Amino acid sequence: MQEILKVSSIKKTFLKDGESNTVINDVSFTVKKGQCVGIVGESGCGKSTTARIILGLLNFDEGEIILSENKLSPQNRIRLKEIQGKIQMVFQMPTESFNPRIKLGKSIKEAMRKTLTSEEKEVKLKKLFEECQLSYDLADRYPKEVSGGQCQRAAIARALASDPQLLICDEITSSLDQVIQRDIIELLKQCVYKYHMAILFVSHDLSLVHEFCHQVLVLNDGKIIEKGTIQQLYKSENEVVQNLLKAAYLNG
């Protein structure tokens with residue numbers, strides 16, 4: 001399979017009160033086309049920081065990131081507009097990721113390629129709403145006028161609007177109830193199947209990751225401490241991994 005993302009030995013250090021704090025340390029992994037890779041770990045382990053570095057929202061100190069043959073390094077940063085369309089991110093709080101003064105339909109159209117005509121954008125918008133199981137009348141509503149689950153579906157529709165090669169999902173189900181969580185996971189499964197895209201799924205919940213991720217990375221204190229399938233993680237003797245597995249079992 002084609003390699004969409006390659007992360008090699010990235011490191012990120014923050015300065016706080018004059019002291020350096022390494023939050024990402026020598027993290028390396030790959031994501032291939034049509035593959036879902038989960039990043040799990042306890043709060044503060046570096047999951048979201050890793051996601052934001054890949055997206056380009058945060059700089060990093062060492063290492064290299066290759067996204068569809070575009071190289072990012074501390075010395076050679078890619079501008080966000082150069083990777084726009086190739087990578088999209090869905091955030092934890094969907095209402096906060098939308099402009100509250102712009103209706104959902106318009107926000108999603110703004111994410112589409114500029115070369116599309118108004119008619120083509122309208123057709124694509126209807127298709128995205130259908131695929132994300134949203135009633136089309138919601139396109140004329142503001143983010144605060146829909147439910148959390150509907151807004152998260154709209155956020156996924158907006159992410160898909162630019163036909164990305166990689167979709168990063170950062171704790172996108174944590175604010176939703178369990179029924180809606182499963183619906184969102186099913187939607188992501190369909191996205192992988194239909195678009196053959198790659199997904200990086202960041203979560204603290206191994207039970208959700210188990211639903212559709214081909215490979216799982218376990219982060220702890222900014223380092224990958226385990227890597228493999230869920231079945232392989234069950235054989236791990238690492239205490240952090242075992243705690244995550246127990247939490248997933250109890251929550252399931």
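Not measured: the values here are computed from a predicted model.
Of the possible polar contacts, none joining the Gln152 side chain to the Gly149 backbone as a donor-acceptor pair under 3.5 Å is found. A donor-acceptor distance shorter than 3.5 angstrom exists from the side chain of Ser147 to the backbone of Gln150, with no hydrogens or angles considered. Side chain of Arg52 to backbone of Leu57: no donor-acceptor contact under 3.5 angstrom is found. Gln35 places a side-chain N or O within 3.5 Å of a backbone atom of Lys32 that can act as its donor or acceptor partner. Using a distance-only test at 3.5 Å, with no hydrogens or angles considered, a donor-acceptor pair links the side chain of Gln181 to the main chain of Leu176. Without hydrogens or angle criteria, Lys47 side chain to Gly41 main chain gives a donor-acceptor distance under 3.5 Å. Without hydrogens or angle criteria, His204 side chain to Glu42 main chain gives no donor-acceptor distance under 3.5 Å. The backbone N or O of Ser9 sits less than 3.5 Å from a side-chain atom of Ser28, completing a donor-acceptor pair. No donor-acceptor pair closer than 3.5 Å links the side chain of Thr22 to the backbone N or O of Ile24.
Residues Thr13 and Val23 form no side-chain contact, since every pair of their non-hydrogen atoms from C-beta on lies 4.5 Å or further apart. For the pair Thr50/Phe29, a side-chain contact is recorded, criterion being any heavy-atom separation below 4.5 Å from C-beta on. Put simply, the side chain of Met197 does not reach to within 4.5 Å of the side chain of Gln165, judged on heavy atoms. Using a 4.5 Å heavy-atom cutoff, the side chains of Val7 and Ile54 are in contact. The shortest side-chain heavy-atom distance between Thr30 and Leu5 does not fall under the 4.5 Å cut-off. In this structure, the side chains of Lys6 and Val31 stay at 4.5 Å or more apart for every pair of heavy atoms. Residues Leu244 and Asp205 are not in side-chain contact: their nearest non-hydrogen atoms beyond the backbone lie 4.5 Å or more apart. The shortest distance between side-chain heavy atoms of Pro164 and Lys86 does not fall below 4.5 Å.
Sparse packing is recorded around NZ of Lys106, with 12 or fewer heavy atoms of other residues, nucleotides or ligands lying under 6.0 Å away. Summarising the local packing, CD of Glu237 is surrounded by 12 or fewer heavy atoms from other residues, nucleotides or ligands at distances under 6.0 Å. Within a 6.0 Å radius of CG in Asp221, other residues, nucleotides and ligands contribute 12 heavy atoms or fewer. Other residues, nucleotides and ligands place more than 12 heavy atoms under 6.0 Å from the NZ atom of Lys189. Atom CD of Glu120 sits in a crowded spot, with more than 12 heavy atoms from other residues, nucleotides or ligands closer than 6.0 Å.
In this model, a donor atom of one side chain and an acceptor atom of the other lie less than 3.5 Å apart for Arg158 and Ser97. For Ser8 and Glu64, the side-chain atoms include no donor-acceptor pair closer than 3.5 Å. Using modelled atom types, one finds no donor on one side chain facing an acceptor on the other under 3.5 Å when comparing Gln215 with Thr229. Side-chain contact check for Tyr234 and Gln242: no donor-acceptor pair (N or O, by modelled atom type) lies under 3.5 Å.
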CA sep, side-chain torsions, deciding dist, call: Gln133, Leu187, side chain to side chain contact (heavy atoms under 4.5 Å, CB included)
CA-CA 9 Å; Gln133 299 173 8; Leu187 173 57; 5.8 Å; no
Could you go step by step and tell me if Ile225 and Leu219 meet the side chain to side chain contact (heavy atoms under 4.5 Å, CB included) rule?
CA-CA 6 Å; Ile225 58 172; Leu219 273 183; over 6 Å; no
Chi angles and distances behind the side chain to side chain contact (heavy atoms under 4.5 Å, CB included) call for Leu160, Cys191:
CA-CA 9 Å; Leu160 296 175; Cys191 290; 3.6 Å; yes
Val218/Leu233 under side chain to side chain contact (heavy atoms under 4.5 Å, CB included): CA gap, chis, key distance, verdict
CA-CA 9 Å; Val218 182; Leu233 293 188; 4.0 Å; yes
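Salt bridge status for Arg182 with Asp177: absent, with no side-chain N to carboxylate O gap under 4.0 Å. The existence of a salt bridge linking Glu122 and Lys109 is confirmed by a sub-4.0 Å separation between a basic side-chain nitrogen and an acidic carboxylate oxygen. Of the charged side-chain nitrogens involved, at least one lies within less than 4.0 Å of a carboxylate oxygen, so that Asp140 and Lys103 count as a salt-bridged pair.
Because its NZ or CZ atom is not both nearer than 6.0 Å to the ring centre of Phe60 and within 45° of the ring axis, Lys12 does not count as a cation-pi partner of that residue.
For the side-chain contact (heavy atoms from CB on, under 4.5 Å) test with Phe201, the passing option among Val37, Asp170, Leu188 is Leu188; the others fail.
To the nearest 0.5 Å, atom NZ of residue Lys124 and atom OG1 of residue Thr117 are 11.5 Å apart.
Across Pro100 and Pro143, no two heavy atoms sit closer than the pair O-CD, 4.1 Å.
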